[in-house]
Amino acid sequence: MNIDMPHPLSPEDCLVAIMMAISASDEDIGTSELVKIDTAVNNLPVFANYDPDRVRVISQTVFDLFRAEDGLDALFGLVRENLPERLYETAYALACDVAAADGSLYETELRLLEEIRHELEIDRLHAAAIERGSRARHMTV
C-alpha cells in the first residue's frame, strides 16, 4: 500500500498514530480518549517540538489505513520505519493510557494492544509493568 506523505513520519507522528489507532480500534473515538491524546501531545516532553496541528493529518492517515486491506500492517510498517526503537515502550505506554482513558477496555482494544506488543517486540514483563502503571493512573474512587 502506498500512502502519499508529504514527508516521512516523524517519531512524534508515529506516537500519535499509535494513540489514534488504539482509540479508533473499537470504532468509537471517545471524548476521553481524544482528551488523553491532546493532553499527551501538549504536555509530554517527547512532544516538546511537535506541531499539534499534525494530529489531524496523522489521524486521517490512520483512518485511511484502517479502511484499506492490510492497513494495520502498513501502519506498523510505517511506525517501525520511522520510530526509534528506544521509543517503542513509550508508544505502548501511550496506547495503554488512551485505551484506559474511557474506563473500559474492549476486546478490539485488547487485541490491538497485543498486536502492538508483538509488532514492537515489547518484552512481556515490561508490557505488564506498563499496563499496571496505566491501570493505576486510571483508577476511580
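As the structure is a prediction and not an experimental result, all values here were calculated from the model.
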List the residues meeting side-chain hydrogen bond (donor to acceptor under 3.5 Å, both in side chains) with E114, not counting sequence neighbours, and say none if there are none. none
Give me the other members of the hydrophobic cluster that L105 sits in, counting Ile, Leu, Val, Met, Phe, Trp and Tyr linked by side-chain heavy atoms under 4.5 Å, directly or via other members. L110
Which hydrophobic side chains are connected to V141, either touching it within the sub-4.5 Å cutoff or through other members that do? none
What distance separates [X] [atom1] from [Y] [atom2], expressed to the nearest 0.5 Å?
X    : Y    : atom1 : atom2 : answer
D13  : L78  : CG    : CG    : 10.5 Å
E81  : F76  : CD    : CZ    : 15.0 Å
D64  : S59  : CG    : OG    : 10.5 Å
L125 : I130 : CG    : CD1   : 10.0 Å

Taking only residues two or more places apart in sequence or in another chain, which ones pass salt bridge (charged side-chain N to carboxylate O under 4.0 Å, His left out) with R124? E131
Please enumerate all residues that pass salt bridge (charged side-chain N to carboxylate O under 4.0 Å, His left out) together with E119, with sequence neighbours excluded.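 For E119, the residues satisfying salt bridge (charged side-chain N to carboxylate O under 4.0 Å, His left out) (neighbours in sequence not counted) are R80.
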Partner residues of F47 under the ring pair (Phe, Tyr, Trp, His ring centres under 6.0 Å) criterion, sequence neighbours left out: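 Scan of F47 (ring pair (Phe, Tyr, Trp, His ring centres under 6.0 Å), adjacent residues dropped) gives Y50.
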Go through the structure and list residues passing side chain to side chain contact (heavy atoms under 4.5 Å, CB included) with A21, not counting sequence neighbours. V62, F66, L75, L112
Among all residues two or more places apart in sequence or in another chain, which pass the side chain to side chain contact (heavy atoms under 4.5 Å, CB included) test with S104?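 Here the qualifying residues are D102, Y106.
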So, do D70 and L65 sit near enough that their side-chain heavy atoms are less than 4.5 Å apart?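 Result no, sub-4.5 Å side-chain heavy-atom pair not found.
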Quick one, L15 with V46, criterion side chain to side chain contact (heavy atoms under 4.5 Å, CB included). Give me CA distance, side-chain angles, the key distance, then yes/no. CA-CA 9 Å; L15 296 173; V46 75; 3.7 Å; yes
Could you tabulate the donor-acceptor pairs under 3.5 Å formed by side-chain atoms of residues 31-45, not counting sequence neighbours?
{"unit_1": "E33", "atom_1": "OE1", "unit_2": "S23", "atom_2": "OG", "d": "2.9"}
{"unit_1": "E33", "atom_1": "OE1", "unit_2": "G30", "atom_2": "N", "d": "3.0"}
{"unit_1": "K36", "atom_1": "NZ", "unit_2": "H138", "atom_2": "NE2", "d": "3.0"}
{"unit_1": "D38", "atom_1": "OD1", "unit_2": "N42", "atom_2": "ND2", "d": "2.9"}
{"unit_1": "D38", "atom_1": "OD2", "unit_2": "N42", "atom_2": "ND2", "d": "3.4"}
{"unit_1": "T39", "atom_1": "OG1", "unit_2": "V35", "atom_2": "O", "d": "2.8"}
{"unit_1": "N42", "atom_1": "ND2", "unit_2": "D38", "atom_2": "O", "d": "2.9"}
{"unit_1": "N43", "atom_1": "ND2", "unit_2": "T39", "atom_2": "O", "d": "2.9"}

Write down the atom of I116, the atom of I122, and the distance for their closest heavy-atom approach. O-CG1, 4.5 Å
Closest contact, heavy atoms only, C14 versus N82: SG-CB, 3.5 Å
SB check R54 D51 (cutoff 4.0 Å): no
Kindly list each side-chain donor-acceptor pair under 3.5 angstrom involving residues 84-91, sequence neighbours excluded, with atom names and distances?
{"unit_1": "E89", "atom_1": "OE2", "unit_2": "H126", "atom_2": "ND1", "d": "2.6"}

Review item, side-chain donor-acceptor pairs of residues 94-101, under 3.5 Å, at least two apart:
{"unit_1": "D97", "atom_1": "OD1", "unit_2": "S134", "atom_2": "OG", "d": "2.8"}
{"unit_1": "D97", "atom_1": "OD1", "unit_2": "R137", "atom_2": "NH2", "d": "2.8"}
{"unit_1": "D97", "atom_1": "OD2", "unit_2": "R137", "atom_2": "NH2", "d": "3.3"}

Determine, step by step, whether T61 and M20 satisfy the side chain to side chain contact (heavy atoms under 4.5 Å, CB included) criterion, reporting the C-alpha distance in whole Å, the side-chain angles of both residues, the deciding distance to 0.1 Å, and the verdict. CA-CA 10 Å; T61 300; M20 285 307 303; over 6 Å; no
Does R67, at its CZ atom, have more than 12 non-hydrogen atoms belonging to other residues, nucleotides or ligands within less than 6.0 Å?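 Yes, because the 6.0 Å sphere around CZ of R67 holds more than 12 heavy atoms from other groups.
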